[in-house]
2 protein chains.
Amino acid sequence: MIKTSDEKYLRAIYHISLSEKHVKASLSELAYYMDLKPPTVFERLKILGDEKLIIYNKNKGIRLTKVGQKEALNVIRKHRIWETFLHKVCKFSWSEVHELAEKLQNINSEKLMDRIFVLSGEPKFDPHGDPIPDKWGVLPLTERRPLLNSVEGCKCIVLGVNEDGPDFLNYLTDLKIGLNEKLSVEKIFPFDGSLKVRFRQGEMAVLSPKVAEQIMVSCMKANCLCRQ
Amino acid sequence: MIKTSDEKYLRAIYHISLSEKHVKASLSELAYYMDLKPPTVFERLKILGDEKLIIYNKNKGIRLTKVGQKEALNVIRKHRIWETFLHKVCKFSWSEVHELAEKLQNINSEKLMDRIFVLSGEPKFDPHGDPIPDKWGVLPLTERRPLLNSVEGCKCIVLGVNEDGPDFLNYLTDLKIGLNEKLSVEKIFPFDGSLKVRFRQGEMAVLSPKVAEQIMVSCMKANCLCRQ
DNA sequence: ATTATTTATTAGGTATACCTAATTTTTTGT
DNA sequence: ACAAAAAATTAGGTATACCTAATAAATAAT
Ligand SMILES: [Mn+2]
Ligand SMILES: [Mn+2]
Ligand SMILES: [Mn+2]
Ligand SMILES: [Mn+2]
């Protein structure tokens, strides 16, 4: 059976590999992401390699094997189902669920996950809009882009956020922006790319590019000029 | 903050101290109960002592301090709430919940426990009939005795079991005996003290003393002659 | 009261999961 | 091409949580 600690590494490697363009995760990136020191990660990678969960080629970075990827997707599944359960059933705010889910995700009981999944309404997406893999590791498809890529006049819907940190999420909550909110991009300020959006009945907010980059949306009109 | 590992020790010490007559728990008993070797437990007891959670006097056994007892009752509370949640909300059988609850009990979030408690119907007793301490460590009262202490003719109700092992619980389930079942003691066989009970509409079972000792009941008639 | 048995303690060892400091290797910038 | 910077690796250390084997102390049995 796979160890708790393995699961953390695999999830982290999966996230890094996926983020941005690159499929390679470097040791130092991984250490930074996991808040560990490089030597700690280094020695663990050797073990994960022996367990055939990753392939670690010097200078070529870290890659998940088939098995490793399957395990990674399984932890991600557990994590996101727990987040959804905590939010939908236990009424936690979307900014609180990540931390608790990190603890819950390491429990291994398929039967328990099945029940929690059903109690949560068989969700396809978690409270941050992230897709929940099915038991076979298949992710539901979504097409989404950062709000930052919008053109003026675009009307779009918030499908997710790329950041689980409570600071970011509480900030959005404060602005009254949540999942499935419909935004209309009123103005883009050339100076720094900040964007003014309108939503609900006349609510307004000016979002910095740093914020707009983390909000994932989908255009509501076909043939919208926004960069995907 | 209290460590996961501390919680296991405290719960175990609490259980041993309480079981049977004695208030002392000996090192070897504790080691046996926790399925660890005496030297392992010995070195840990020194730490628990330093943390002022227990008082360990050589040859006089292990006693919980006020703080230690409070912590013990808190783990027990978490354990039993999770068991109830798993049984009532997630529809696990009473024989499955203990193992999973052992893993869930170490998560520390009062808010989560509050929500799970409410979802489970604010229970006073867990699926094995064990009392759930409130937040202040106060246990609901119940008066109960082993079924084994019955006299012939006694009518009683099952309020709990003293054993969480799946073998025992599945055996009872098989016999169709569960919590709140009303039993009528038809006969006690002098040879070994086995007892024949009748319940539901004419269901019958002969229970060995070993089994009857683990089933906790309360007489339904006042002035019953059963030994408390 | 001795001996035998049980229980507690000490000594020393392993594995995991971390760390810092030092060194080597690779990559990058000029 | 070469120095500087960044990344990877090695060396050596700590703390926790376990273990076995050996010894000491306490308790029970004759
Ligand atoms: Mn998360
Ligand atoms: Mn999420
Ligand atoms: Mn239990
Ligand atoms: Mn129980």
Side-chain angles (χ1 to χ4, degrees), chain A residues 1-13 16-17 19-64 68 71 75 102-103 105-108, chain B residues 1-13 16-17 19-64 68 71 75 102-103 105-108:
Chain A
M1 242 298 113
I2 193 157
K3 279 162 288 192
T4 287
S5 172
D6 283 348
E7 294 189 321
K8 295 211 174 109
Y9 275 84
L10 295 176
R11 193 163 80 96
I13 294 165
I16 294 174
S17 310
S19 71
E20 309 304 315
K21 29 242 128 224
H22 59 203
V23 181
K24 45 138 198 188
S26 79
L27 189 153
S28 46
E29 268 180 305
L30 181 57
Y32 179 78
Y33 182 85
M34 295 185 77
D35 205 13
L36 294 171
K37 303 295 166 185
T40 301
V41 173
F42 179 72
E43 73 182 1
R44 203 62 214 294
L45 289 184
K46 285 188 284 189
I47 296 166
L48 291 168
D50 292 346
E51 294 173 330
K52 306 255 185 276
L53 294 169
I54 61 164
I55 294 162
Y56 179 36
N57 280 322
K58 28 202 89 206
N59 323 323
K60 286 167 82 185
I62 307 154
R63 259 184 29 245
L64 293 169
E71 291 295 348
V75 208
E102 293 246 86
K103 298 177 196 167
Q105 75 187 357
N106 296 116
I107 290 169
N108 279 313
Chain B
M1 238 302 109
I2 193 157
K3 279 162 289 191
T4 287
S5 172
D6 282 349
E7 295 189 318
K8 294 211 175 110
Y9 275 85
L10 296 177
R11 193 164 79 96
I13 294 166
I16 293 174
S17 310
S19 71
E20 309 303 313
K21 30 242 129 227
H22 59 202
V23 181
K24 46 140 198 190
S26 78
L27 188 154
S28 46
E29 266 181 307
L30 181 56
Y32 178 77
Y33 182 85
M34 296 185 76
D35 207 11
L36 294 171
K37 302 297 169 184
T40 301
V41 172
F42 179 71
E43 72 182 2
R44 204 62 215 294
L45 288 184
K46 286 187 284 191
I47 297 167
L48 291 168
D50 292 347
E51 293 173 331
K52 306 258 185 271
L53 295 169
I54 62 164
I55 294 163
Y56 179 36
N57 279 321
K58 27 203 86 201
N59 322 321
K60 287 167 83 185
I62 307 154
R63 259 184 28 244
L64 293 169
E71 293 294 350
V75 206
E102 295 245 86
K103 299 177 195 166
Q105 76 185 1
N106 298 116
I107 289 169
N108 279 314

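Throughout, a chain's letter reflects where its sequence line sits, starting with A, and its residues are numbered from 1.
For the atom pair CG (Leu64(B)) and CD1 (Ile16(B)), the distance works out to 10.5 Å, reported to the nearest 0.5 Å.
If you take CD1 of Ile62(A) and C1' of dT9(D), they are 14 Å apart, rounded to a whole angstrom. The distance from atom OH of Tyr32(A) to atom P of dA6(D) is 15 Å, rounded to the nearest whole Å. Put simply, NZ on Lys60(B) is 15 Å from C1' on dA26(D), counting in whole angstrom units. For the pair Asn57(B) CG and dA26(D) C1', the computed distance is 15 Å after rounding to whole Å. Computed from coordinates, the Leu30(A) CG to dA8(D) P distance equals 10 Å when rounded to whole Å. Rounded to whole Å, atom C1' of dA17(C) lies 14 Å from atom CG of Asp35(A). Rounded to an integer number of Å, the gap from Tyr9(A) OH to dT16(C) C1' is 11 Å.
Annotation: side chain of Arg44(A) is in contact with side chain of Asp6(A) (closest heavy-atom distance under 4.5 Å). Looking at Tyr56(A) and Leu48(A), their side chains never come closer than 4.5 Å, going by heavy atoms from C-beta outward. Residues Ile2(B) and Leu10(B) have side chains in contact (heavy-atom distance under 4.5 Å, counting atoms from C-beta outward). Between Val41(A) and Tyr9(A), the closest side-chain pair of non-hydrogen atoms falls below 4.5 Å.
Under the rule for a side-chain hydrogen bond (donor to acceptor under 3.5 Å, both in side chains), the partners of Glu7(A) that lie at least two apart in sequence or sit in another chain are Lys78(A), Asn106(A). Residues that satisfy the salt bridge (charged side-chain N to carboxylate O under 4.0 Å, His left out) test with Lys3(B), not counting sequence neighbours, are Glu51(B).
Closest contact between the side chain of Glu43(B) and the listed nucleotides dT20(D), dC18(D), dC19(C) involves dC18(D).
Of the residues near DNA chain C, Val41(A) and Lys3(A), the one whose nearest nucleotide (by heavy atom distance) lies more toward the 5' end is Lys3(A).
Contact annotation: Arg44(A) side-chain N/O to dA17(C) OP1/OP2 distance is under 4.0 Å. Considering only side-chain N and O atoms, Thr40(A) lies under 4.0 angstrom from the phosphate OP1 or OP2 of dC19(C).
Backbone-only engagement by Leu36(B) is indicated by non-hydrogen atom pairs under 4.0 Å involving sugar-phosphate atoms exclusively.
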If you restrict it to nitrogen or oxygen atoms, what contacts under 3.5 Å exist between nucleotides 6-9 of chain C and the protein, and what is each distance?
residue, atom, partner, partner atom, Å
dA8(C), OP2, Ser28(B), N, 2.8
dA8(C), OP2, Ser28(B), OG, 2.9
dT9(C), OP2, Tyr56(B), OH, 2.4

